[in-house]
Every structure is written in structure tokens, then in C-alpha cells.
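Position 1 is the first residue of the sequence, and the numbers go up from there. In each ligand, atom 1 is the first atom listed, and ligand 1 is the first ligand listed.
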Amino acid sequence: MPTPLLAGNWKLNGARNEARALAEAVAKGCEDVDDREVMIAPTFTALCAVARVLDGTKVKLGGQNLYWEDSGAFTGEVSGPMLAETGCSYVIIGHSERRQFFGDTDYSVAKKVGAAHKAGLAPVLCVGETLEQRENGATLGIVETQLRHGLVNLPQQGYGALVVAYEPVWAIGTGETATPEQAEEVHSAIRGILESILDGEKAAGVRILYGGSVKPSNIDELMACPNINGALVGGASLDAEDFLSIVHYQES
Ligand code: 13P
């Protein structure tokens with residue numbers, strides 16, 4: 001079983017002082033954690049401050065996005081090497097909010113996954129269906145397309161660091177979580193797709209996170225599912241107490 005990963009996606013929240021205080025509280029609360037990994041992804045402008053707080057702690061740093069060129073005339077963008085030199089070891093790619101509001105597509109997501117690998121960052125590739133797609137019975141097809149297309153630029157040796165996050169769009173920020181059965185159905189399909197790309201042992205080592213209204217009250221039942229290897233947490237990661245109770249979920 002891969003080491004579980006509990007990750008906080010702070011989205012567009014946390015000005016620098018707030019971010020620093022939240023990171024300090026998370027790092028302190030994770031001092032006793034050794035059988036799971038914890039990552040937080042602040043905004044770009046808070047990365048340096050948070051990196052200083054996390055230095056020497058057990059909590060890893062992640063970016064929320066990147067551009068695939070290393071440098072050049074690309075106003076407003078941040079590259080993989082820049083994230084890496086800031087102290088990031090992870091980068092979230094293809095979050096549904098980026099696909100919905102900022103034009104990310106399977107094509108650009110694939111370029112970003114390749115760039116993350118090249119920069120030595122572990123890509124957290126997000127996939128997930130909308131409510132309409134779920135109601136039309138298209139969930140597994142959508143997730144398979146996003147996953148297979150998202151991975152086209154990842155060489156075989158990049159799969160050891162890969163993290164996939166299944167985030168049903170209808171569950172993000174709505175308070176409505178996928179049931180463990182709904183989540184496990186998609187997670188096991190994702191595992192099957194990974195098995196068709198990689199050999200079995202390597203596919204079993206890829207962490208598949210669930211995201212979408214994860215809270216202290218539902219993390220235990222989600223983590224009890226065989227193919228759920230962690231969580232990507234939005235709203236609840238902005239509250240140190242809630243995030244730390246998610247990190248300290250009870251194993252069944
Ligand atoms: P919420 O936990 O706020 O639903 O957000 C999930 C998410 O989008 C994490 O990336």
C-alpha cells in the first residue's frame with residue numbers, strides 16, 4: 001500500500017501573514033505524523049513565506065498550477081523550475097476550477113504534467129466529472145479520457161511520483177461528498193487504467209486521492225476504501241484544526 005497523502009489546496013485564499021500562521025499550525029500539528037504524508041498548496045505569492053515555515057518540518061509544499069515552458073515571454077505564468085527552487089515538491093495540475101475558469105484542457109494538462117516531471121515535481125493530476133456527466137452515466141468515460149490524455153507526456157519513470165486526484169466537480173465546495181461507494185467505484189476504475197499502462201506493482205503504488213467536501217466527519221470512511229490513498233482538501237484545509245483532524249484520520 002502506498003503511503004497516504006493528505007493534501008490541502010488553499011486555492012485563492014491566505015494572504016501572506018494568514019498563510020504563514022496556518023502553515024505554522026499545520027506543521028506543529030504534524031510533528032507526530034510518520035505513517036502518512038502531508039502537503040499544502042498556498043497561492044504563488046505565499047509560497048516563499050510558507051516554504052520558510054515548512055523547512056525542516058514534515059509538511060511538504062505544493063504549487064497550484066504551472067506553465068510548461070521554463071522561462072520566456074509568458075506574462076503571468078510560473079514554471080516548474082521556479083516552483084522547485086521555491087521549495088515545492090508537488091504541483092496540482094488540471095484542477096476542475098482551472099479547466100472551468102482558466103481554459104485548461106486535456107492538451108494543456110498533459111503538457112503541464114510533462115513539465116512537472118521534467119522539473120522534478122510530483123504532479124497531482126486532477127480528474128472528475130460534472131453533475132450532468134454523472135447523471136448521463138458518463139462518469140467513467142470522462143475520467144478515463146482525462147486520465148489517459150493527461151498522462152501522454154509522462155515517461156514510465158515518472159509514474160513513481162505521480163498522484164491522481166479524483167474530484168467530482170459536483171462535490172467541490174458544495175458540502176456534498178461522494179459516498180465511499182461512489183468514490184471507490186471511480187478509484188478502482190482509475191487503478192485499472194493505471195494497470196493497463198504500467199505493470200501491476202507500479203500501478204498499485206500510485207496514490208489516488210479523493211477530493212470534494214472532505215471533512216473530519218467523512219475522512220475515516222473514505223480512507224477505509226481500498227483504492228483511496230489520501231485526500232485533496234479545499235475548504236477544510238483553511239482551518240488548521242479541521243485539516244489536522246483529517247490528517248489524523250482513524251485507520252480502520
Ligand atoms: P472542497 O474540499 O472545498 O470541496 O474542495 C475540494 C477541492 O477542490 C480540492 O482541490
[X] to ligand 1: N or O pair under 3.5 Å?
X      : result
Gly234 : yes
Thr174 : no
Ala236 : no
Val233 : no

Suppose I only count heavy atoms of [X] and a 4.0 Å limit; which atoms of ligand 1 are within that range?
X      : answer
Asn9   : 9 (C), 10 (O)
Gly173 : 1 (P), 3 (O), 4 (O)
His95  : 7 (C), 8 (O), 9 (C), 10 (O)
Gly212 : 4 (O), 6 (C)

Backbone N/O of [Y] and side chain of [X]: donor-acceptor pair under 3.5 Å:
X      : Y      : answer
Glu167 : His95  : no
Asn218 : Val214 : no
Asn229 : Pro4   : no
Arg36  : Thr3   : no
His187 : Asn227 : yes
Thr177 : Ser213 : yes
Thr105 : Tyr107 : yes

>> Please determine whether side-chain contact (heavy atoms from CB on, under 4.5 Å) holds for the pair Glu77 and Met82, giving the CA-CA distance in whole Å, both sets of side-chain angles, and the decisive distance to 0.1 Å.
In response: CA-CA 10 Å; Glu77 296 297 319; Met82 288 170 181; over 6 Å; no
> In the protein, which heavy atom is nearest to atom 5 (O) of ligand 1, and how far is it?
Replying inline: Lys11 NZ, 3.3 Å
> How far is atom 3 (O) of ligand 1 from its nearest protein heavy atom, and which residue and atom is that?
Replying inline: Gly235 N, 2.8 Å
>> With a 4.0 Å cut-off on heavy atoms, is Lys215 in contact with ligand 1?
In response: no
> Are any of the heavy atoms in Ser96 under 4.0 Å away from ligand 1?
Replying inline: no
> Where does Ala171 meet ligand 1, judged by heavy-atom distances below 4.0 Å: at the side chain, the backbone, both, or neither?
Replying inline: backbone
> Is ligand 1 under 4.0 Å from a heavy atom in the side chain of Ile172, in the backbone, in both, or in neither?
Replying inline: both
> If you measure from atom 7 (C) of ligand 1 to every heavy atom of Glu167, Glu176, Glu97, which option wins on shortest distance?
Replying inline: Glu167
> Hey, quick one: are Val113 and Tyr159 part of the same hydrophobic cluster, counting side-chain heavy atoms closer than 4.5 Å, chains of contacts allowed?
Replying inline: yes
> Is the closest basic N to carboxylate O distance between Asp104 and Lys112 below 4.0 Å?
Replying inline: yes
